[in-house]
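First the structure, in the form of structure tokens, and then the observations on it.
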Amino acid sequence: MFQIFEKDNGTLWVGGMQGLRSFNTRSQEVTSLRIDGSFLKDVTVRNFVKINANEFWMATNRGIYILDSSGLVRDKIQENVLSRNSLAANDVQALCKDLEGVYGVLLIKTV
């Protein structure tokens, strides 16, 4: 387990080497969340950043996933060698947001 994130009152998102799970603290129910129609078994979830009430960014070993408040993927940002505006690598270690709303991304690029 790498990250526990309180999504809202009573719901936690738990990210780790086995993907992303939602835990309802009231009902004690655990749900594995899906991305692109499948479970995140091969995706290591490292970090979350809440952008606003309806948007969350998730740092993974396969890029950045942008989720809505229900945990559904709206978009993803990944390395694209044909675009100069893409990530430099897909192995995103952490995301952060400062008080002024400036975002930072920590990448590890192996050669």
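For the single chain, residues carry numbers from 1 onward in sequence order. Excluded from the calculations below are hydrogen atoms, water molecules and symmetry mates; all remaining heavy atoms, backbone and side chain alike, are included.
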State, with a plain yes or no, whether a side-chain heavy atom of Met58 is found less than 4.5 Å away from one of Leu67.
yes
Which residues pass the side chain to side chain contact (heavy atoms under 4.5 Å, CB included) test with Arg21, not counting sequence neighbours?
Gln18, Val30, Ser32
With rounding to the nearest 0.5 angstrom, report the CD1 to CD1 distance, Ile51 to Ile66.
8.0 Å
With side chains defined as the heavy atoms from C-beta onward, is the minimum distance between Ile77 and Trp57 less than 4.5 Å?
yes
May I ask you to test the Ile64-Leu95 pair for a side-chain heavy-atom distance under 4.5 Å?
yes
Using the test side-chain hydrogen bond (donor to acceptor under 3.5 Å, both in side chains), find all partners of Asn54 that sit at least two apart in sequence or belong to another chain.
none
Holding to side-chain hydrogen bond (donor to acceptor under 3.5 Å, both in side chains), I want the full list of residues that pass it with Glu6, two or more places apart in sequence or in another chain.
none
For Ser22, check side chain to side chain contact (heavy atoms under 4.5 Å, CB included) against everything at least two apart and list the hits.
Thr11, Trp13, Thr31, Leu33
Kindly compute the distance separating CG (Asn90) from CG (Asn61), expressed to the nearest 0.5 Å.
8.5 Å
Rounded to the nearest 0.5 Å, how far does NZ of Lys76 lie from OH of Tyr65?
4.5 Å
CZ of Phe48 to CD1 of Ile4: how many Å apart, nearest 0.5 Å?
10.0 Å
Closest non-hydrogen atoms of Ala53 and Ser69, given as atom of the first, atom of the second and distance, are O-CB, 3.7 Å
Considering only residues two or more places apart or on different chains, which pairs with a residue in residues 44-69 satisfy salt bridge (charged side-chain N to carboxylate O under 4.0 Å, His left out)?
Arg46-Asp91, Glu55-Arg74
So, do Thr60 and Val92 sit near enough that their side-chain heavy atoms are less than 4.5 Å apart?
no
